[in-house]
Amino acid sequence: MARPFDVTAVETKWQARWLDEGTYEVDNDDSRDRFYALCMYPYPSGTAHQGHIRNYTFGDLVVRYQTMLGRAVLSPLGFDSFGLPAENAAIKAGSHPRPFTEARMQELKTSLKRLGAVYDWRREVYSHDPEFMRWSQTIFLRFLKAGLAYRAEAPVNWCPGCLTVLANEQVLADGTCERSGDLVERRNLEQWFFKITDYADELLFDLDSLEWPERVKTMQRNWIGRSEGVEFDLPLLSDPTKALRVFTTRPDTGFGVTYAVVAPEHPLLEELTTEDQRASVEALVARAATESDLERTASSDSGAGLEKRGAFTGSHVLNPFTNEPVPVFVADYVLGTYGTGAIMAVPAEDERDHAFAMVHNLAVVRTTEPPEDFEGGAYAGDGLHINSGFMDGLDVASATVLATEYLAEHARGVAKVNYRLRDWLVSRQRFWGCPIPIVYCSVCGIVAVPEDQLPVLAPDDVSMTVSGQSPLATHEAFRTTTCPVCDSPAERESDTMDTFCDSSWYFMRMADPFTANAAFDPTQVAKWMPVDQYIGGIEHAILHLMYARFYLKAMIDIGFAPGLAREPFRRLFTQGMIRLDGTKMSKSRGNLVAPEQYYDTVGADGLRLFHLFAGPPADDVDWTDQTDEVIDGCGRFIDRFYRLSQLDGVNFHEEVDDVDQEVRRSVHRTIAKVTSDFNRWSYNTAVAAIMELLNTVSKWARSEHGAQRATFDEAIDAMLKLLAPMAPHVTAEAWERRYPGRDGVHQQHWPVADPDLVKSATITMVVQVNGKVRARLEVPPDISMADAAAEALEDATINATLAGATPKRIVSRPPRLVNIIV
RNA sequence: GGGGGCGUAGCCCAAUUGGCAGAGGCAGGGCGCUUAAACCGCCUCCAGUGAGGGUUCGAAUCCCUCCGCCCCCA
């Protein structure tokens, strides 16, 4: 493609200038209004792919736009540089993850610089920086001191392929590892946990105050899974002094409890199991031990599947409502970790209880009258109670109140709130992460490494060969140490922290990486936090965002970050994915389209424009056969604009006439349109509006009539400013050529539309008769309802159409439309 | 299985939230420029909104049912 300027030279020149002049460096004591714009810091996987390009194009647009609005914009970048892929690659290559990771960081950095994305590089944060690790470890120890970190043995998801523990969320619905695809097993290990459940309510309720996409908030609410209910006793038939404690959200259905179910891990199971049932119970327990929570709670088809998933214990408990004995089963779908590990079963009002009851021939007693036309097994909706003694005739809400009172009196019932959210398991049996700064002393037990000895760094000569345990545990010199308290022989913790720990506070470090001997100075960070605009992928909707919210709240509460607002991200934008052949474009799928090939042809500006133009930013983008042509089209647009800005083929005339004035109106309408589109994340329409304006201005200026000079300059300057956040290089270059030696286009103030020019003198009003368009009238935009109707009725065409008929009704919606009904 | 989202010209997408279905782009066609082609400039073709029903003076937009994709949770 023949370009009117040397794209590579221009882009290189401006990238170097922004970097050398520190154009986008910002100090913490800047006196302007502040704006913190942040893209989720990337995992350094090598050169940027289109997903990165899209993400950082949006982010850079925000940075440059907010700067032009006159704000001091904090725009940092860093790298989420710990993690499994680097470790696996290092194992494969027989090298160390650090050089591997740092090479990938450099590649990604280079790609992003070539995109023209601008950052304050003095604030770069990366997870494996010893200074950053020092504070990650300090925060861990402060959590420990505050009782927010604890060690417990717990069943964990063990991936036999990765030889590590996985978080629940790393296990797919089919019970396989999201990374290796191996079937995940259950194992018990001593692990470190953070008490995120202490914050369940706050994490839930504070969502209301956030300007986040509703769907993300919904996902977080579901993940927390708050449910209000009652915990109460089902006395054992064999020994009524003992009881099975259960939790339910539907105490009102108590008369319909026809059996109870305990989890395979339940402590009373042994006692409940009778000799003749022992074999089948033990078989079930053994089988459940090999399954993940997700497998166990996944709904399975009724019939044989369900039959195998439950076994009768041989014992009975008493239903406290009816005082009738009901059988106790054990089933894998009841989890030992949720609620009390036991449930009451109401087959008439619960889908799964019903399926289970059918398979095991258990009684079904309805307590809620379903609607007349209801067909099916369990009815979970509202209705009047039946077969329910003192609750008969009541709806669910009233019955629930009475049932709760009844249970409080008769079954040691207490109202209780349960959560689906579990405490955060942070231990990882991997090498390439931040070591947990703990030693286990033969005398003192668990001992924190003194803060003045942090960071605890892993030695470089560790064998990462897969061994089934933490690589650090195999390094004698690292593992063997002495107790910092009593000097007795001790062992270092050999697990590392979940990388989500790093991403939970990096944005605070970025706000103030300058204060010596501190993670940050809270008063400095408070100048920037919360992040005004956070941008990232929807895949982080639950975990990263939940953990970061927890970290901030906890750090404030333990005095580590006093004075900060309790939510880290005020506004969140989640961009759509790039898809190729129907699947997400990603390195692991190997379906990447590299940006470099476009830098050399249409340039970074062209590629940026494509991503802005391709569709709504929140929507997925399909990379197709046509995409290259669209990208070329974006390059063509830049060229057309550049030529016009350099007066190529333009005719001028002296006096302003009506035609010039109409162009001015277009310019100001476009300014208004682009500004409002920016504020509503509608970049595709903003680009389209500028394309439209270019068409208008170009035809006008190149026509025989030509352009009035001042009007033309106003149009070009406006377009340069509007495009500056989108296509920064070409606009910087064109501006400099128009105004050599003056401040650059990115130092200009964002244009403001003149309201008088935005509103047109007249607007086309449609006049309909019976919903059909019969006439179009030019009317003032502020025409009244009565005047609009009157003008419509005076119109000759309308009168002809009406042919003397009397209107039954006139719908007047000025200034758009009048509809006359006859 | 539950929750959410999306279906508009050949394709990607607009339609300021219930008011003329078309802004922009891609592809296609034509004309001009050119010895010719590319580039460039101008012009142009193309849908009644996945299907069916309802509400309304009026529905792409709101409400039901179905179909097809996508995402989240199970």
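Reminder, nothing fancy here: chain letters follow the sequence lines and each chain counts from 1.
Between G25(B) and Asn695(A), a contact under 4.0 Å exists linking OP1 or OP2 to a side-chain N or O. In terms of phosphate contacts, Arg579(A) brings no side-chain nitrogen or oxygen within less than 4.0 Å of OP1 or OP2 of C69(B). Neither OP1 nor OP2 of G41(B) sits under 4.0 Å from any side-chain N or O of Lys699(A). When the side-chain nitrogen and oxygen atoms of Arg221(A) are compared with OP1 and OP2 of C73(B), none of them lie within a distance under 4.0 Å.
Only Arg680(A), Asn684(A), Thr685(A), Ala688(A), listed by number, bring a heavy atom of residues 671-689 of chain A to less than 4.0 angstrom from any atom of RNA chain B.
In a base pair of the Watson-Crick type (N1 to N3 plus N6-O4 or O6-N4) or a G-U wobble (N1-O2 and O6-N3), with each distance short of 3.5 Å, G32(B) is matched with C40(B). Nucleotide C6(B) is matched to G68(B) when pairs are restricted to Watson-Crick or G-U wobble geometry with both distances under 3.5 angstrom. Using the Watson-Crick or G-U wobble rule with both distances under 3.5 Å, G58(B) pairs with nothing in any strand shown.
To the nearest whole angstrom, the two P atoms, one in A59(B) and one in U49(B), are 11 Å apart. To the nearest whole angstrom, the two C1' atoms, one in A74(B) and one in A60(B), are 34 Å apart.
For a distance-only test at 3.5 Å, the side chain of Gln626(A) qualifies as a donor-acceptor partner of the base of C11(B). Counting distance only, with no hydrogens placed and no angle test, the side-chain atoms of Arg636(A) and the base atoms of C40(B) include no donor-acceptor pair under 3.5 Å. Arg215(A) contributes no side-chain N or O that forms a donor-acceptor pair with the base of G4(B) under 3.5 Å.
In the set C72(B), C20(B), C71(B), the nucleotide with an atom closest to the side chain of Met219(A) is C72(B). Which of G19(B), A27(B), C13(B) sits closest to the side chain of Gln768(A) comes down to G19(B). Proximity note for Thr764(A) (side chain, C-beta onward) versus C11(B), C20(B), C57(B): the nearest is C20(B). Checking C57(B), C72(B), G25(B) against the side-chain heavy atoms of Ile542(A) singles out C72(B) as nearest. Distances were taken from every side-chain heavy atom of Val630(A) (C-beta onward) to each of A14(B), C26(B), C73(B); the shortest belongs to C26(B).
Remark: of the listed residues Trp212(A), Phe58(A), Phe569(A), Phe573(A), Phe569(A) is the sole one forming a ring-ring contact (aromatic ring centres under 6.0 Å, His included) with Tyr534(A).
In U16(B) the base sits anti relative to the sugar, since the glycosidic angle is further than 90° from 0.
Nucleic acid contact for Arg420(A): sugar-phosphate only, since backbone atoms but no base atoms lie under 4.0 Å from a heavy atom of the residue.
Contact of the His668(A) side chain with the Asp756(A) side chain is not registered, since no non-hydrogen atoms from C-beta on lie closer than 4.5 Å.
With values rounded to the nearest 0.5 angstrom, Ile631(A) atom CD1 is found 6.5 Å from His611(A) atom NE2. Here CE of Met726(A) is found 11.0 Å from SG of Cys634(A). Values are rounded to the nearest 0.5 Å.
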